[in-house]
Amino acid sequence: MTLFIHNTLSRKKEAFEPLNPDHVGIYVCGPTVYDYAHIGNARPVVVFDVLTRLLRRFYPKVTYVRNITDIDDKINAASRETGEDIRSITDRTAKVYHDDMAALGALPPDVEPRATDHVAQMITMTEQLIETGNAYEAEGHVLFNVPSMPEYGRLSGHSRDELIAGARIDVAPYKKDPADFVLWKPSDADTPGWDSPWGRGRPGWHIECSAMSQEYLGTEFDIHGGGQDLIFPHHENELAQSRCANHSDRMAKYWMHNGYLMAEGEKMSKSLGNFYTVHDLLDEFPGEAIRLALLQTHYRQPMDFTKDGIADARRTLDKWHRIAGDVTAAGEDMPQDLIDALSDDLNTPKAIAELHRLAGKGTDNARRALKAGANFMGLMGETADDWFKWSPATASDVDEAAIDALITERNDARANKDFTRADEIRDQLTAQGIVLEDAAGGTTWKRG
RNA sequence: GGCGCGAUGGCGGAGUGGCUACGCAGCGGCCUGCAAAGCCGUGUACGCCGGUUCGAGUCCGGCUCGCGCCUCCA
């Protein structure tokens with residue numbers, strides 16, 4: 001079995017051949033922790049979660065690194081606005097991020113480095129870039145000199161000339177070349193800063209991922225992932241920094257990028273009110289339904305994320321849980337067709353189709369395979385019973401004993417053909433968001 | 001303006017030179033006190049215009065529309 005992945009560097013699907021089959025390394029750009037993650041931020045988390053699960057199936061050791069960006073001018077701005085301490089903002093936001101991503105069924109990364117813990121490494125790399133002649137100091141800034149790297153632009157497909165021609169902002173006067181970008185910048189007294197050979201300051205955005213990926217995965221590693229919008233400038237600049245500092249031909253062997261996401265047919269924007277945060281969606285829907293909705297579209301496709309889509313996904317999971325019941329799946333139950341689909345550049349929609357196929361078969365083997373495959377994709381992680389009793393955060397608390405009592409009363413009424421009373425009870429519970437289902441084995445309830 | 005991605009049935013969404021994707025919704029039927037679930041059957045597609053081919057959603061060219069990026073902003 002060969003794993004194929006689309007490599008942004010070649011813009012082709014390639015067979016994955018790890019640098020070292022005994023230890024695969026993957027780095028994914030994580031969040032800047034100044035605000036709750038929106039659904040667009042969740043897509044790469046879920047996509048690369050599936051990828052790491054797959055890599056772990058194929059290789060004995062996988063190190064998954066996903067950073068937390070806690071040095072950023074947006075964080076600084078938020079702190080100035082609200083008066084909340086920076087560390088408090090970043091800790092609080094990171095905590096919510098962890099909870100939200102866990103609710104989506106994403107396993108935590110093996111290493112989750114924070115930028116603030118790696119400033120020394122960033123300074124070292126910046127010094128190296130000055131030594132190699134790829135960077136220079138100017139007015140307290142250190143800038144990467146783009147013309148010093150002939151292959152700059154290979155990842156994004158932009159040439160330096162095009163970038164300059166298309167530039168929409170004024171070029172800072174201290175730049176040698178209009179395309180040069182910041183490695184280090186000075187901080188004033190009110191802004192977080194660290195001592196450096198160039199005075200008190202803070203790192204530019206791109207250098208953190210260069211420094212931290214190297215710290216945990218080495219100068220060359222297997223896969224670097226993130227959203228498509230990171231290809232330029234973030235990943236292009238990371239690549240330039242790391243390669244030049246290390247005199248290396250490459251940084252990551254494979255670069256993977258997930259497609260962008262819209263909400264309800266429109267570009268997500270706060271002004272349009274269609275800016276879904278994961279945190280808010282989790283009040284309305286089970287996390288696994290959101291996860292399945294995200295996986296229903298292939299990761300490189302643009303995606304229109306809708307609440308209807310989550311509701312659909314939820315009904316699908318309802319059905320699968322009804323079919324699988326409480327079977328337990330073992331390793332040998334894993335459906336090979338599902339693994340094959342995922343191995344073809346993470347074809348999750350095809351893998352999901354395979355789960356549908358198993359759901360329709362009706363045999364015990366198929367039920368176990370359904371559960372095993374769903375579990376592998378981070379779905380159906382709880383019992384059917386727990387799944388059906390999930391309730392939205394807005395729902396009022398319901399007394400389960402009272403429900404059971406009403407069910408008993410209704411069944412007595414039904415036995416006596418008192419269907420008026422039976423329907424009253426159904427309506428009463430429906431009004432509370434409780435749905436009753438009469439089956440051969442008795443009456444069960446779930447939250448609507 | 002430059003670079004890139006996308007366009008499949010009512011909706012979601014794979015696929016790929018010739019053979020039903022699949023799911024949801026719809027319609028007809030069975031079952032059911034009601035409801036749900038389940039079962040059987042069933043219709044609808046490949047943005048537009050050319051070209052290559054015995055044959056094209058599938059390859060080539062052009063066009064239209066949508067979206068992303070074009071530097072200190074993840």
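Residue numbers start from 1 in every chain, and the chains themselves are labelled A, B, ... in the order their sequence lines are given, proteins ahead of strands.
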Atom-to-atom span, CZ of A/Phe305 to P of B/G12 - whole angstrom: 14 Å
Can you tell me how far C1' of B/C5 sits from CG of A/Leu261, to the nearest Å? 15 Å
For atom P, what is the distance between B/C22 and B/C31, given to the nearest Å? 27 Å
Integer angstrom distance from the P of B/C27 to that of B/A37: 14 Å
Whole-Å gap separating C1' (B/G12) and CD1 (A/Ile310): 13 Å
Quick one: label A/Thr32 by what it contacts on the DNA or RNA (base, sugar-phosphate, nothing), any heavy atom closer than 4.0 Å. sugar-phosphate
Integer angstrom distance from the C1' of B/A25 to that of B/C11: 7 Å
For B/G38, does the O4'-C1'-N9-C4 or O4'-C1'-N1-C2 angle fall within 90° of 0, making it syn, or is it anti? anti
With sugar-phosphate meaning primed atoms plus P, OP1 and OP2, does A/Gln301 contact a base, only sugar-phosphate, or nothing at under 4.0 Å between heavy atoms? sugar-phosphate
Would you check if the distance from the ring center of A/Trp320 to the ring center of A/His356 is below 6.0 Å? yes
Anything below 3.5 Å on both distances counts as a pair; with that, list the stems of at least three consecutive Watson-Crick or G-U pairs involving RNA chain B. B:1-7 with B:64-70, B:10-12 with B:22-24, B:26-30 with B:38-42, B:47-51 with B:59-63
Check: A/Thr69 main-chain N/O paired with A/Arg114 side-chain donor or acceptor under 3.5 Å: no
Once you round to the nearest 0.5 Å, how far does CE of A/Met101 lie from CG of A/Leu104? 5.5 Å
Near A/Asn416 CG, under 6.0 Å, is it more than 12 heavy atoms from other residues, nucleotides or ligands? yes
C1' spacing across the pair B/U32 / B/G18, given as an integer number of angstrom: 46 Å
Side chain of A/Pro302 only, heavy atoms from C-beta on: which candidate in B/C72, B/G6, B/G15 is closest? B/G6
Do the rings of A/Tyr27 and A/His224 sit parallel, tilted or perpendicular, given the 30° and 60° boundaries? tilted
Which nucleotides of nucleotides 18-37 of chain B have their base under 4.0 Å from a protein heavy atom (B), which only their sugar-phosphate (S), and which neither (-), written as one string 5' to 3'? ---BSSS--------BBBBS
With a 3.5 Å distance limit and no angle check, can you tell me whether A/Asn347 reaches the backbone of A/Leu342 through a side-chain donor-acceptor pair? no
Classify A/Asp73 by what it touches in the nucleic acid, base, sugar-phosphate, or nothing, heavy-atom distance under 4.0 Å. sugar-phosphate
What do you reckon, is NZ of A/Lys350 surrounded by more than 12 foreign heavy atoms closer than 6.0 Å? no
Between A/Ser242 (side chain only) and A/Leu239 (backbone N and O only), is there a donor and an acceptor less than 3.5 Å apart? no
What's the verdict on ring-ring contact (aromatic ring centres under 6.0 Å, His included) for A/His38 and A/Phe305, showing C-alpha distance, side-chain angles and the deciding distance? CA-CA 11 Å; A/His38 63 247; A/Phe305 190 86; over 10 Å; no
How would you label the contact of A/His298 with the nucleic acid (heavy atoms, under 4.0 Å): base, sugar-phosphate, or nothing? sugar-phosphate
